[in-house]
Enquirer: 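Right, I'll just put the structure down here and ask away after.
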Amino acid sequence: MMQRLLSNLFLILLLTYSGTLFAGITKVNEPALNQEVNQENKNNNIIRIAVAANFKPTLEKLIAVYKQKHPNLDFKVSSASTGVLYSQILNGAPFDLFFSADWQHPDKLIKKGIGHKHRSAVYAIGQLVLWYPKMNQEDSQKTDFKSVMEQLAKTPQVKIAMANPDLAPFGKAAQQALQRTGFSSLNEQIVKGNNVAQAYQFVYAGAANAGFVSLSQIDAAAHSSQIIMIPDDLYSPIKQQMLVIQPQEAAMGFYRFVLGITGREIIAQNGYAAPSSADVKLML
């Protein structure tokens with residue numbers, strides 16, 4: 001009898017101690033668990049975007065419209081040349097979406113197992129222009145690309161800006177246009193930026209007299225007498241493709257918005273041609 005009483009007493013003490021112990025563990029872990037969950041929820045409200053330099057201004061307009069209906073979302077945007085962003089993603093940079101200035105770099109990432117091949121689509125067709133605000137009145141009256149280039153070539157001290165063809169699709173397109181019109185020999189007059197935004201800055205700041213830039217960078221209405229559209233047949237189409245790197249819910253929502261009616265209208269209003277139905281692989 002006594003042995004049974006001692007056994008029950010021991011069991012009661014053990015359960016009491018165990019309850020205190022487990023209660024203590026729960027109290028210690030709850031804040032950590034809650035912090036982890038909160039951090040995860042917080043991260044899901046952040047969309048990290050890598051965007052080619054030419055598209056950054058338009059992306060900011062898309063974000064501004066989207067945030068009107070999704071004010072709790074935060075966007076972290078990194079802008080550089082497509083080649084630089086590609087290298088960053090290849091080396092593990094934590095982006096959710098990649099807005100490339102071409103289709104080749106997203107495809108190369110997919111082939112390397114990065115991103116989702118069923119979450120990739122052409123979102124815009126880039127338009128290459130020659131901007132020449134520093135030319136005199138007589139030169140500005142030229143109305144075709146070849147005539148303007150002939151005039152620029154007559155003056156060796158004139159500098160022409162373009163993006164680096166090895167890093168930026170707009171630079172590659174400019175190089176093709178020069179080659180196909182026989183102006184490759186202008187190399188000594190060419191100044192190269194890392195991306196098309198830098199090429200624009202060279203002209204804007206007066207470091208170059210003219211430059212190959214994206215139509216989206218120019219207020220076409222205000223500078224109509226200072227730009228010439230480069231004919232489409234002088235360069236390969238600049239099919240700008242978007243790739244989902246991390247398909248988290250918030251990023252997917254923005255991806256759908258960009259490819260939707262409102263998103264495409266905003267893109268068209270900012271100096272880009274609409275992609276053809278065949279180009280838009282709308283995979284939602």
Side-chain angles (χ1 to χ4, degrees), residues 39-63 66 70 73-126 163-173 194-197 214 216 236-260 262-264 266-267 272 274-284:
Q39 185 63 36
E40 184 178 347
N41 290 337
K42 183 178 179 182
N43 290 340
N44 285 339
N45 288 333
I46 299 175
I47 302 176
R48 299 171 180 82
I49 297 177
V51 61
N54 78 91
F55 196 69
K56 184 184 177 187
T58 303
L59 176 66
E60 290 172 344
K61 293 176 182 177
L62 288 164
I63 290 173
Y66 193 68
H70 304 274
L73 288 179
D74 289 322
F75 288 80
K76 290 188 175 180
V77 176
S78 296
S79 178
S81 69
T82 290
V84 168
L85 294 172
Y86 167 81
S87 296
Q88 291 176 354
I89 294 170
L90 201 60
N91 287 289
F95 293 115
D96 299 306
L97 300 172
F98 176 31
F99 284 76
S100 173
D102 64 9
W103 59 268
Q104 290 93 340
H105 284 89
D107 271 18
K108 285 197 290 186
L109 287 173
I110 291 171
K111 289 175 182 175
K112 292 179 180 296
I114 299 174
H116 294 254
K117 64 179 180 181
H118 298 306
R119 299 289 185 273
S120 182
V122 175
Y123 62 91
I125 307 293
N164 186 337
D166 296 329
L167 297 175
F170 278 87
K172 185 177 180 180
N194 290 329
N195 52 59
V196 73
S214 167
S216 63
S236 302
I238 304 174
K239 297 181 180 181
Q240 303 197 195
Q241 189 153 321
M242 174 172 49
L243 174 65
V244 176
I245 306 295
Q246 297 292 338
Q248 53 118 325
E249 184 178 348
M252 288 305 302
F254 188 65
Y255 170 83
R256 296 186 188 99
F257 168 74
V258 171
L259 298 177
T262 302
R264 294 174 71 179
I266 293 171
I267 291 170
Y272 295 92
S276 68
S277 299
D279 288 328
V280 179
K281 301 171 184 175
L282 191 56
M283 299 175 179
L284 304 177

Enquirer: Would you say Gln104's side chain and Pro169's backbone share a donor-acceptor pair under 3.5 angstrom?
Expert: no

Enquirer: How close do Gly83 and His105 get, heavy atom to heavy atom, and via which atoms?
Expert: CA-NE2, 4.0 Å

Enquirer: Please check this pair: side chain of Gln248 against backbone of Ala250, looking for a donor-acceptor N/O pair closer than 3.5 Å.
Expert: yes

Enquirer: Is any side-chain heavy atom of Gln240 less than 4.5 Å from a side-chain heavy atom of Asp102?
Expert: no

Enquirer: Evaluate the side-chain proximity of Leu259 to Met242: yes if any heavy-atom separation is below 4.5 Å, no if none is.
Expert: yes

Enquirer: Could you please spell out the steps behind the side chain to side chain contact (heavy atoms under 4.5 Å, CB included) verdict for Phe254 and Leu62?
Expert: CA-CA 9 Å; Phe254 188 65; Leu62 288 164; 4.2 Å; yes

Enquirer: Between Ala53 and Ser79, which heavy-atom pair has the shortest distance, and what is it?
Expert: CA-OG, 3.4 Å

Enquirer: CZ of Phe95 to CD1 of Ile245: how many Å apart, nearest 0.5 Å?
Expert: 9.0 Å

Enquirer: Once you round to the nearest 0.5 Å, how far does CE of Met252 lie from CG of Leu97?
Expert: 8.5 Å

Enquirer: Looking only at atom types and distance, does a side-chain atom of Tyr123 sit under 3.5 Å from a main-chain N or O of Ser100, one as donor and one as acceptor?
Expert: yes

Enquirer: Work out which heavy atom in Ile266 is nearest to a heavy atom in Phe257; give both atom names and the distance.
Expert: CD1-CZ, 4.4 Å

Enquirer: Of all the heavy-atom pairs spanning Ala173 and Ile238, show the shortest one and how long it is.
Expert: CB-CD1, 3.8 Å

Enquirer: Between CD1 of Ile89 and CG of Leu109, what distance do you get to the nearest 0.5 Å?
Expert: 5.5 Å

Enquirer: Test your reading of the model: is there a side-chain donor-acceptor pair from Ser81 to the backbone of Ala168, 3.5 Å cut-off?
Expert: no

Enquirer: For the pair Asp96 (side chain) and Arg48 (backbone), establish whether a donor and an acceptor sit closer than 3.5 Å, ignoring hydrogens and angles.
Expert: yes

Enquirer: Side chain to side chain contact (heavy atoms under 4.5 Å, CB included) between Glu60 and Val77: does it pass, once the steps are laid out?
Expert: CA-CA 9 Å; Glu60 290 172 344; Val77 176; 5.9 Å; no

Enquirer: What is the distance from atom CD1 of Ile110 to atom NE2 of His118, rounded to the nearest 0.5 Å?
Expert: 9.5 Å

Enquirer: Closest approach of Gly253 and Tyr66, non-hydrogen atoms and distance?
Expert: C-OH, 3.2 Å

Enquirer: Measure the spacing between CD1 of Ile267 and OG1 of Thr262 and express it to the nearest 0.5 Å.
Expert: 11.0 Å

Enquirer: What's the spacing between Thr82 OG1 and Phe55 CZ if we round to 0.5 Å?
Expert: 11.5 Å

Enquirer: Side chains of Tyr272 and Asn54: any donor to acceptor distance under 3.5 Å?
Expert: yes

Enquirer: May I ask you to check whether over 12 heavy atoms, not counting those of Lys108, lie within 6.0 Å of atom NZ?
Expert: yes

Enquirer: Please assess Ile46 against Asp74 for the test side chain to side chain contact (heavy atoms under 4.5 Å, CB included), listing each intermediate value before the final yes or no.
Expert: CA-CA 5 Å; Ile46 299 175; Asp74 289 322; 4.2 Å; yes

Enquirer: Is there a side chain to side chain contact (heavy atoms under 4.5 Å, CB included) between Asn194 and Val84 once you walk through the steps?
Expert: CA-CA 9 Å; Asn194 290 329; Val84 168; over 6 Å; no

Enquirer: Find out whether Ile114 and Leu243 are in side-chain contact, i.e. whether some heavy atom of one side chain is under 4.5 Å from a heavy atom of the other.
Expert: no

Enquirer: Looking at Ser120 and His116, would you say the former's side chain and the latter's main chain have a donor-acceptor pair under 3.5 Å?
Expert: no

